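If you're wondering where the values come from, they're calculated on a predicted model, not measured in any experiment. Just so it is clear: chains get the letters A, B, ... in the order the sequence lines come, proteins before strands, and each one is counted from 1.
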2 protein chains.
Amino acid sequence: MEMDERKMRILQAIIDDYILTGVPVGSRTISRKYETGLSSATIRNEMSDLEELGFLDQPHVSAGRIPSAKAYRLYVDTLLKTGTIPDDSRSSVGRYFAGRVHQMEDVIDHAAQVISSLTHYTAVVLSPKGSQPRIRTVQLVPVSAEMALVVIVTDQGVVRDSVIRVGSQMDSDTLYAISRTLTIELQGATLAEACDRIPEIARRINGNDQMLRELYGYLTEGQKSPRRSHVAVGGTSNMLAYPEYSDVDKARNFLSLMETRDKLADIIRGSGEMAFTVRIGPETGVPEMADCSIVTASYSTRDGQQGTIGVIGPTRMQYSRVLSILNIIGHQLTDMFSGGDEER
Amino acid sequence: MEMDERKMRILQAIIDDYILTGVPVGSRTISRKYETGLSSATIRNEMSDLEELGFLDQPHVSAGRIPSAKAYRLYVDTLLKTGTIPDDSRSSVGRYFAGRVHQMEDVIDHAAQVISSLTHYTAVVLSPKGSQPRIRTVQLVPVSAEMALVVIVTDQGVVRDSVIRVGSQMDSDTLYAISRTLTIELQGATLAEACDRIPEIARRINGNDQMLRELYGYLTEGQKSPRRSHVAVGGTSNMLAYPEYSDVDKARNFLSLMETRDKLADIIRGSGEMAFTVRIGPETGVPEMADCSIVTASYSTRDGQQGTIGVIGPTRMQYSRVLSILNIIGHQLTDMFSGGDEER
DNA sequence: GTTAGCACTCACGGGCATCGAGTGCTAACA
DNA sequence: TGTTAGCACTCGATGCCCGTGAGTGCTAAC
């Protein structure tokens, strides 16, 4: 048996209806609500075929059919292939990131908010992650008589900072001089390399032992627990609005997964760095998400780093809408992180 | 009718049992499970009195009694008065903030995790908030040819940073010189004052118009949308484990409240800055939390700023345990933020 | 003041009938 | 040959009834 054009149309209608209502859809519904000039009996025959082909499931004999993961897959693939992602609605939706927003983390948090409130699903945004960052500048800023703030600017714009103790009292100028030395010595090094070089530098500039020791401690520690990328989540409560999660246990599992940010980041990032990824139900590889889908898109910064934005929703997600929203927000983030700083 | 010692003991037993099981407790349960040498009939009489006094509610006539908010209030008050908060268990629980943790936000996030996993309730931690921060140091760190990172260290240790555009190319030394000038000029000023002074400074040092304009823009913006305090939440999913939230709608309301951090911060902070606060059910003043209680404690930094840690749980919360945990963690945070930096 | 006894209440859960949405099949029709 | 009307059948959902049991309140006896 083959898929023909009519079967395709009917499948489409079933998917549309199920996405809308979340209730198994019967043959009558299709023959009446959608413009097929066919009777329910004919639809029934076709549905029976579609079930045999693996596109439909039947929860029990006297209920309607629901689309299988395979059906969504087909649906999404044609969606992606025909490029139905409306990019131009960008203008109509407006820009969500007006004004100057300074801290990358704020932008990311905000993006998660925006995406979740637009889609009514759960949104996850990961900060960009590139290769090993390389040091550009090291600067010590006096904080109090004995404390200094270490600011390390890397080529990824990522700033790591921490307050350390500088042993003897040092004035601003001394700190600046040391900063210059450190910058020259460490420029272009990765953080790991910097770590290795510190003892040698300490030998050359003596007298600042304590400070360098603290700096060393700070860097090694940073190595051990690498600053995982920032993960922003928005709209977790949205999921509870869908009947899929009217079971409290399921909901709890889902929520606690959303809380373990590291795991969540792995799941979201799991899809490589393609422009769009759609993983449906079992494709997610996460048991807790057996009846969820994950849609991701990527954005990039001027350094060519890739960040990820994603939406988690029930398998009967409004894929088309979600893809288009992710597309828009992805572009806006890219604009912002690449144009924003240097060209504006 | 008066409360006597026996009524008190019985009420105590009822509360204990209800906290444990979450099920209305009957007279037999009390007479058997607890060491009162009284028969169920006697307990029944006493319970009837306690109900009349407003300490017990009866969901329906053939069910047991449940403690009212007033009962919890009494319970907590005696708990607080008799100082049953076991402070010494501090050692047995161990220190949760071992190792050097650098960023205040990380510490706060971590604290929320720890508290929620110890209590099995939802934890909220607010970053310290004091009076207007005053500038200590301003430093410009070169990032690229045309960009610089502004680091402003305030007396609250709070560092605000942002990348701004410095017009013409400036080398590290020039930026340092400007930084020194700015530091001298702006030291001790609040951010608002700094804002006001910039134009005047710009007039004196000419040639760096663009940079100062950017700096000005950055500061005014910071004024308009004051950086609200950091709010860390942990264990929201814990709440779903309690039968109180087996109703999905209730759960969703609760969760979406947890998501609006600003509102949440207001609620948690709503209690002033007392050492301990317990608000029970209606006392929270939040309709979504009609059957929740909020317990808060405060911690402080060396600058005398107050931060808040809090636990949100069902009214039948293990108050004693929660108070003791908050006590411990509060002390640890205080130690960390006041001793940690300067004395260690 | 305490307790045993007893009638009464009422949520809960199982059993049962009903309902209705939906299916599959067959036979008739174009 | 494809489409449709008709019909018997399935099975979850809904609603009702009723027995059960935990728990109460009251009374009378200790």
Side-chain angles (χ1 to χ4, degrees), chain A residues 1-11 13-15 17-18 20-68 243-244 246-247, chain B residues 1-11 13-15 17-18 20-68 71 243-244 246-248:
Chain A
M1 194 191 328
E2 277 299 298
M3 261 319 249
D4 59 15
E5 201 270 333
R6 193 175 73 177
K7 282 193 177 48
M8 197 65 203
R9 266 203 348 264
I10 292 174
L11 182 57
I14 294 172
I15 294 177
D17 199 78
Y18 188 66
L20 206 66
T21 65
V23 166
V25 12
S27 51
R28 270 188 69 119
T29 315
I30 297 299
S31 94
R32 274 184 313 181
K33 269 180 41 179
Y34 297 81
E35 76 293 3
T36 55
L38 299 170
S39 80
S40 66
T42 313
I43 304 287
R44 268 207 292 286
N45 290 331
E46 295 291 45
M47 280 171 115
S48 176
D49 291 354
L50 284 169
E51 186 174 354
E52 202 173 322
L53 286 167
F55 290 110
L56 294 180
D57 290 331
Q58 203 169 13
H60 56 265
V61 87
S62 75
R65 307 297 214 291
I66 61 176
S68 68
E244 281 83 347
S246 57
D247 176 7
Chain B
M1 194 188 330
E2 277 300 298
M3 261 319 249
D4 58 14
E5 202 268 332
R6 193 174 75 175
K7 281 192 177 49
M8 197 66 203
R9 268 206 344 266
I10 292 175
L11 182 57
I14 295 173
I15 294 177
D17 200 79
Y18 188 66
L20 204 67
T21 65
V23 166
V25 12
S27 51
R28 270 190 69 122
T29 316
I30 296 299
S31 94
R32 274 185 314 182
K33 269 180 43 179
Y34 298 81
E35 76 290 5
T36 55
L38 301 170
S39 80
S40 66
T42 312
I43 304 286
R44 269 205 293 284
N45 290 330
E46 295 290 44
M47 280 170 118
S48 177
D49 291 354
L50 284 169
E51 186 173 354
E52 203 174 321
L53 287 166
F55 290 111
L56 294 180
D57 289 331
Q58 202 169 13
H60 56 265
V61 87
S62 75
R65 308 298 215 287
I66 60 176
S68 68
E244 280 84 346
S246 57
D247 177 6
V248 187

With a 3.5 Å cut-off and no angle check, do the side chains of B:Arg28 and B:Ser40 form a donor-acceptor pair?
->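 The criterion, which ignores hydrogens and geometry beyond distance, is not satisfied for B:Ser40 and B:Arg28.
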Without decimals, in angstroms, what is the distance between [X] [atom1] and [N] [atom2]?
X	N	atom1	atom2	answer
A:Glu51	C:dT23	CD	P	10 Å
B:Asp49	D:dT24	CG	P	14 Å
B:Gln58	D:dG23	CD	C1'	8 Å
A:Ile30	C:dT23	CD1	C1'	15 Å
A:Leu56	C:dG22	CG	P	14 Å
B:Arg28	C:dT3	CZ	C1'	14 Å
A:Leu50	C:dG24	CG	P	12 Å
A:Asp4	D:dG2	CG	P	11 Å

Counting only pairs under 3.5 Å, give me each side-chain donor-acceptor contact of residues 56-66 of chain A, with atom names and distances, residues two or more places apart or in other chains.
{"residue": "A:Gln58", "atom": "NE2", "partner": "A:Val61", "partner atom": "O", "Å": "3.3"}
{"residue": "A:Arg65", "atom": "NE", "partner": "A:Glu51", "partner atom": "OE1", "Å": "2.8"}
{"residue": "A:Arg65", "atom": "NH2", "partner": "A:Glu51", "partner atom": "OE1", "Å": "2.9"}

Watson-Crick or G-U stems involving DNA chain D, each at least 3 pairs long, distances under 3.5 Å, ordered by first number |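 Consecutive-pair runs (3 or more) involving DNA chain D: C:1-30 with D:1-30.
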Would you mind reporting whether [Y] and [X] have side-chain heavy atoms less than 4.5 Å apart?
X	Y	result
A:Tyr34	A:Asp17	yes
A:Met3	A:Leu50	yes
A:Phe55	A:Ile14	no
A:Thr42	A:Arg6	yes
A:Leu38	A:Glu46	no

State whether the side chain of A:Ser27 and the backbone N or O of A:Ile43 hold a donor-acceptor pair below 3.5 Å, judged by distance alone.
->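 Checking the backbone N and O of A:Ile43 against the side chain of A:Ser27, no donor-acceptor pair under 3.5 Å is found.
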Could you go step by step and tell me if A:Val25 and A:Lys33 meet the side-chain contact (heavy atoms from CB on, under 4.5 Å) rule?
-> CA-CA 11 Å; A:Val25 12; A:Lys33 269 180 41 179; over 6 Å; no
Does a side-chain N or O from B:Arg65 land closer than 4.0 Å to OP1 or OP2 of D:dG23, or not?
->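 Answer no for this pair, as no side-chain N or O of B:Arg65 is under 4.0 Å from OP1 or OP2.
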Can you check each nucleotide of nucleotides 3-20 of chain D against protein heavy atoms at under 4.0 Å and return B for base, S for sugar-phosphate only, - for none, in 5' to 3' order?
-> SBBB---BBS--------
